[in-house]
Amino acid sequence: MEEPLLFEIGRPETSGVDVEEPEPFEDCLGGLERQRPIGLPGLSEPETLRHYVRLSRMNYSIDAGMYPLGSCTMKHNPRLNEKMARLAGFADIHPLQPQSTVQGALEAMEQLTHWLLTLTNMEALALSPKAGAHGEICGLMAIKSAIAARGETATRKIVLVPQSAHGTNPASAALLGFEVRSVPAGDDGIVHAEDVASAVGPDVAAIMLTNPNTCGLFERDIGRIAKLVREAGGYFYCDGANLNAIAGLARPGDFGVDAMHINLHKTFSTPHGGGGPGAGPVALSARLAPFAPAPVLIRKGEKLELNEDVEYGQGFGRIAAFHGQMGMFVRALAYMLSHGGDGLAQASRDAVLSANYVRAKLRGLMSAPYGDRICMHEVLFDDAWLSGSGVTTLDFAKAMIDEGYHPMTIYFPLVAHGAMLIEPTESESKASLDLFIATLRRLGEKALSGESELFHAAPRYAPRRRLDETLAARKPVLRWEGGAT
Amino acid sequence: MEEPLLFEIGRPETSGVDVEEPEPFEDCLGGLERQRPIGLPGLSEPETLRHYVRLSRMNYSIDAGMYPLGSCTMKHNPRLNEKMARLAGFADIHPLQPQSTVQGALEAMEQLTHWLLTLTNMEALALSPKAGAHGEICGLMAIKSAIAARGETATRKIVLVPQSAHGTNPASAALLGFEVRSVPAGDDGIVHAEDVASAVGPDVAAIMLTNPNTCGLFERDIGRIAKLVREAGGYFYCDGANLNAIAGLARPGDFGVDAMHINLHKTFSTPHGGGGPGAGPVALSARLAPFAPAPVLIRKGEKLELNEDVEYGQGFGRIAAFHGQMGMFVRALAYMLSHGGDGLAQASRDAVLSANYVRAKLRGLMSAPYGDRICMHEVLFDDAWLSGSGVTTLDFAKAMIDEGYHPMTIYFPLVAHGAMLIEPTESESKASLDLFIATLRRLGEKALSGESELFHAAPRYAPRRRLDETLAARKPVLRWEGGAT
Amino acid sequence: MRYHPLTDSDRAAMLAAVGVADVDELFADTSAAPASGFALPPGKSELEVERHLSRLAARNLPAGQVPFFIGAGAYRHHVPASVDHLIQRSEFLTSYTPYQPEISQGTLQYLFEFQTQVAALAAMEVANASMYDGSTGCAEAMLMAHRITKRRKALLSGGLHPHYAEVARTVARLAEDEVVSLAPDIVAQEDIVSRVDDSISCVIVQTPDFFGNLRDLRAVAETCHRHGALLVAVFTEAVSLGLVTPPGEMGADIVVGEGQSIGNALSFGGPYVGLFATRREFVRQMPGRLCGETVDADGRRGFVLTLSTREQHIRRDKATSNICTNSGLCALAFNIHMTLLGEAGLRRLARRNHANAVALRNMLREIPGVEPLNRSFFNEFTLRVKGDAAELVERLAARGVLAGAPVSRLIPNAGLDDLLLVASTEINTDEDRAALVAELKGAL
Amino acid sequence: MRYHPLTDSDRAAMLAAVGVADVDELFADTSAAPASGFALPPGKSELEVERHLSRLAARNLPAGQVPFFIGAGAYRHHVPASVDHLIQRSEFLTSYTPYQPEISQGTLQYLFEFQTQVAALAAMEVANASMYDGSTGCAEAMLMAHRITKRRKALLSGGLHPHYAEVARTVARLAEDEVVSLAPDIVAQEDIVSRVDDSISCVIVQTPDFFGNLRDLRAVAETCHRHGALLVAVFTEAVSLGLVTPPGEMGADIVVGEGQSIGNALSFGGPYVGLFATRREFVRQMPGRLCGETVDADGRRGFVLTLSTREQHIRRDKATSNICTNSGLCALAFNIHMTLLGEAGLRRLARRNHANAVALRNMLREIPGVEPLNRSFFNEFTLRVKGDAAELVERLAARGVLAGAPVSRLIPNAGLDDLLLVASTEINTDEDRAALVAELKGAL
């Protein structure tokens, strides 16, 4: 499968858009007219369609196959959501229209807020974060603002982060000038209250925990940990990446969470889109609610008002232009309305059941770092079972491609050696799970029976064979340079 | 690439649609309630998406590659047309709503009519035919009605059809009880007035000609032929399948045509959709206009009226429920508005230029039944050049699949031995044409250099290898029978 | 022009390769009138076309904007968003008829699934890959019966959709065949049985019929078979088959119907999709495309168009019909929507339709001046109203309710001006019903 | 539930395989509150969800329904239908971040094309694979300048979009960096040059600026470079780059902007797509994803995400930023629309925008009580109006015209209540302009 770059097939004079050339007129450019060629070849419409349709066919997608990516949660993306987000009343309104002309949009935001706060049992929702990592920053900013309000900016500098955390957690903390202090997990894969107790103190601003954690285990001590941190004057940031395991069944607010971002795509099915756009609204506890960023949605009787003033109350300011990812809000709301409370609970149950089913069926073949214990929505294996086979986790992953699967998440979390993290989600049928399990068993047996060559050569049936990532990084070619290659 | 039948993966209790079960109520079925299982397994929505996305990936399409199907005209299908046809004001109106509530729809029909009559220089348009072949029937019905009105039903029984005609022509004539009399073509591939002169007579109801004809040649004698037939009291039916070669440049009405169906997908880009739906409105001359079928669109000042009475005027009745393929009309109208008169002419010119370019570039390799002469929108080759190579037209076509192309039309028209009919359309770029030409030359040289095995084994890189059509016809399996294969 | 990839320099290079100086030389044979002879406007940008057509669309009243109760052969159901998404996949939308099966298995497999679904719905042995619509399918069924029985006289029930009857009559008249049409049969009381004799090729009966009545076809089937005639059973509302006894269980020989109501929009009457099923013994007399199972050179299951020796491109004037188009994309929409529904969903949907219609009938019969006539129905029934039904419908439209189809629009000049057909599907809410009742009271 | 494939019998079989009697046993660790604790409504059918959300949507006034002149950082352009069609292809819509490049070449190649297009537009050497939006990209550019210069004080022009300035200030305050903001600069008269010294990490200037003025950045670039500071150039209207001198030709070190106006809908403010370009020498300090060219094991060209050692999943707390999402699908929409436009189309589109804005300005300046302030502009300019601009806009909205953005909505309490930003793109017709003029006259 080959498709040239558009720069190799386009012509500067070709356009797939008809725009009428204006009549001559006196310009108002103040002498700042662009003079040199831009370097943007165009394609006619039929060529454009073909170019992108052909490119698309080089992609794997949920719609075409299972995507067992642990912690990334690739679930079904209903097309109803796409249709709703495209209603002119949502897609064709400007963020700065008079608020009297967008009351329905504000009401949709209010309803989304109601659902998310009910599911989390928390106090306030910051709508503007553009993605999960942006939500983390937002939550930590609220925490930092609360600490500043208490006059403890200079003394509370530490953020506790477990070793199994996603890299965004320490990165976000560092960005705000916090120091990261690592907290170990026990042999059972979870953080123990005792270890937190010995790490916590008056210098601790917050703890960042993911729950269920990235090993697919529920942090059983979460209530005690929250208490420890709060009693020490710190805040509890919960990474909501794995909310999809417990949505409708357990409420983070009940565990003492102060701030949690919610990746709408993981729990509420907004499409991943090859890497975005995301949306990461942040739920805040009563302790942090006053520090929510601008804008703030306020109901005044029949009327909804978006207060955009960065000086409003104790709000910590603005973290993005306008009011958040409206298009994603509509999709997530459509998903929640479709499920209802019970449906969301059922989705969580099915996700967890499916992960445990995969775990039970792969038992005896693959090795697990924390033994054979009940998992939540994802199941973690390591590469101990492959030792001596000459097959690495990467090799195994690439061989899955030749079987028609996207690999599971590999080498994450870092706490498991050669990690393989499988999340089937609630969107797979039992037949699909059984085929996946059978395929993994068959591949696994091949790996153990010495057929390592097959794995080293994989993938062979993909649009590309293994790509040289070292070359790409050593001599970065980041744009088309006119025929160079 | 494998995808099970839905019957192999579905379950009778599964549904991808949520419908609320009604409260108990007293039914009005008069005892005619369905008792036995229907046999319709269902899939959840995620399974459904995956099933059909995977099926789709086994299909070739214009969007993914060139489709050089002579006489089938696979051209670019603009997405604007799809969007317009889906406007609620067109897609969500009922054919029997009060006419006062659908004036915009009637106006769209009126505009379509105006464009088609201007392009053909004819008198009236019958909108209801559902496809080209249906339009043929409609046109012949108008002719038969006109003959009946003259009291010549019993004596005018013959329809003249050239040997190169598409099979629908004789089939349509036969359906209405006409006898088909074949007219030969000359060595130059076209029908000569002299041959028509010797076939025409008082027993002839009509001649059916395709122009440009299915050999890709313009019937030069068309004016004289029309005159001969008309003077003998017959009618001239012109198959509009190839209108796309001359739209905007020449008007069939000027050649003396009495009736012509217009395949909207061939000239006006409505999508082929894997075999329909089509639309085949019929343009009628002043001689036939009074016999147009119901319904008839009538403007009364500001108001448009659809007269649905089958007894209206001399109209010959009704040929389909309701008023025609509205969804296709909107698409075709969007295409015409986008092009304008000049744009349509340019499309015709580009289509003809592209076909002649392919012809010129394949000259010397492939043989042409009527010599190397200028063609219209498609170019006809035969298999004389392959004789002795052990490669048939079918083999050659299948080998094109392995090169990433849909084959050209093969074994049609029947007048050329092992015919290969190539129609590039105006939608291909020069680079695309050049690649196609180079591929055909390379394949052709392989065929001539004795690599016949490659051709016999083709296709090898398609979702299936050659399929056993004889088996399918000998023991027809036309539905899933529960695990039988 | 945004759709044309060739640039002027491309064109010049190509003309040179062809060996002509000007593109007009290629058109020498046509003696073409100059393009300036066409009084047509210049091309428009996409934005302008959108504006133009949106203005036209805005002059229509979409069904979804008002309480809506029109049926009479086309039904408004809710179609899941995924159906329209999937049929717009490039690989479905822009592919050709699957004559090259190796690269058309997507289309062929869905046609095979469609055939199986249609046959199951109708409770028949085989179905084809779809017809243009129900009305043309009905006429083709008549012609097929002529071929099988070698007789040329069809008997049409007075409960057949008037358009279907008109199409059959038109085709028969011009093909010089004969048709006997029974009078409009409002409450399914006609005596068909006594009209059947050995000259009849087929009887064509609809259930639910045009007036909404459900019909037990067993007696007429038995009579037909005794006289060597075929029973052609017609339906215009495919959803009904989720709840009512299918024609195949009542002895029908050919079952033909409109498939629009599953997967397809109203679209002012088209494109729709005709469903066509019959007994296996008649398959070689069946019109339209057929998809069949076979194996490829490696022995893998695959699908092909088959029995094409019936078709015009092989048989020419000896073909079973002149049809060379099916309603592929509409058939796909039907196939996908039916797959989403599944047996359980279809049955629930059908019950919901019937429940809504019964609830509506019960409300309407309380209104003075309105008399429901049906003893049985699925989701549509006939009312006798005070005054002219067509005028009533116009008045109600002005009040923002699309109340139904006046029978006189389809059967004019027959003294049926006081009859109104009212349909109710799952789309109707309590508010819709209340609005119809209120406005009807006000308008009568 | 229509999205759940598991049936109850599937669930039972799976529980048995897992070895637990009830699914609740799997949740033992959570001590979960029972589901009944959630006061949330039951699920809705697709039809019901459509009705619910359509009702909300109907309470908004879509831009396309009225004469529309709002910009101020988000612009309404016509997006070809094929753009939205293509981004909805399953393979683009439902694919993951391309960490497995062998089966993600579609995404990777379009990102590479996108990077090339953005770099060309900005006239810079390299661009990344997109940011969340322009405003967050702007803050990231400031942080990047801090890393490069090892200074922590940014100087913001008074012509920078107020939201962008607020985001930068918020980030800086909480990261304990410093920001100096110049006063609102309505007609581009501020003296930036004299404010630059050796403590400044970067100067952030927008052109066309928030008030619509075009700015020549050469002097400020030269000054920045003399003091070891970087020039960050911002734009919020990408279409302008088809007509005006690009920042890269005026000495900018980082160019960041909003890409919404090419390919993307207004969507009430999001999702949008941030464009981010810089010099090659700074690439390892650049935030966000990067796609690079390489070869596969067979030597064929292919693309991968590269330089990820900058990123959080490798570097954790040493990462260049915490970003792990780009705006993939919006970047694709930008990429496709830009491909359709091509150089010729983009230039024509930009000229058309400028022509429409000039025509509008010329009409507006004839109205008493309205004073256009700009000496230069692209498709947006500032008016001084009689009275309060926000109230005027409300009055005009009530008259069916969305007339622009009042400056006070973005810069409150600054005595700028009489300023109105008016934008005009290719969507505006003569009728739109006439309506604005007429209603403005009436409302003043």
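Labels below follow one simple rule: chain letters A, B, ... track the order of the sequence lines, proteins then strands, and each chain is numbered from 1. These numbers were taken from a predicted model, which means no experiment stands behind them. All values below were derived from every heavy atom in this structure, side-chain atoms included, with hydrogens, water molecules and symmetry-related copies excluded.
With contacts defined as side-chain heavy-atom distances shorter than 4.5 Å, the pair D:His52/A:Leu337 qualifies. A 4.5 Å side-chain heavy-atom check between A:Asn59 and D:Gln105 finds every atom pair outside the cut-off. When side chains are defined from C-beta on, A:Arg34 counts as touching D:Pro246, because their heavy atoms get closer than 4.5 Å. Proximity of A:Leu478 to D:Gln115: side-chain heavy atoms (C-beta onward) are separated by under 4.5 Å at one or more points. Using a 4.5 Å heavy-atom threshold, the side chains of D:Gln100 and A:Lys398 count as touching.
Ion pairing between A:Arg465 and D:Asp298 holds under the 4.0 Å rule for side-chain N and carboxylate O. The existence of a salt bridge linking D:Asp84 and A:Arg86 is confirmed by a sub-4.0 Å separation between a basic side-chain nitrogen and an acidic carboxylate oxygen.
In summary, the aromatic rings of A:His339 and D:His4 are positioned with their centroids under 6.0 Å apart. For an aromatic pair to be called close, the ring centres must be under 6.0 Å apart, and D:Phe268 with A:His94 fails this.
A 6.0 Å sphere centred on CD of D:Glu25 holds more than 12 heavy atoms belonging to other residues, nucleotides or ligands.
For the 3.5 Å distance criterion, the side chains of D:Thr339 and A:Tyr52 qualify, holding a donor opposite an acceptor.
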Candidate pair D:Lys44 and A:Ser338, rule side chain to side chain contact (heavy atoms under 4.5 Å, CB included), full reasoning: CA-CA 5 Å; D:Lys44 289 184 196 300; A:Ser338 294; 5.9 Å; no
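Within the 3.5 Å criterion, the main-chain N or O of D:Val295 finds no donor-acceptor partner in the side chain of A:Asp468.
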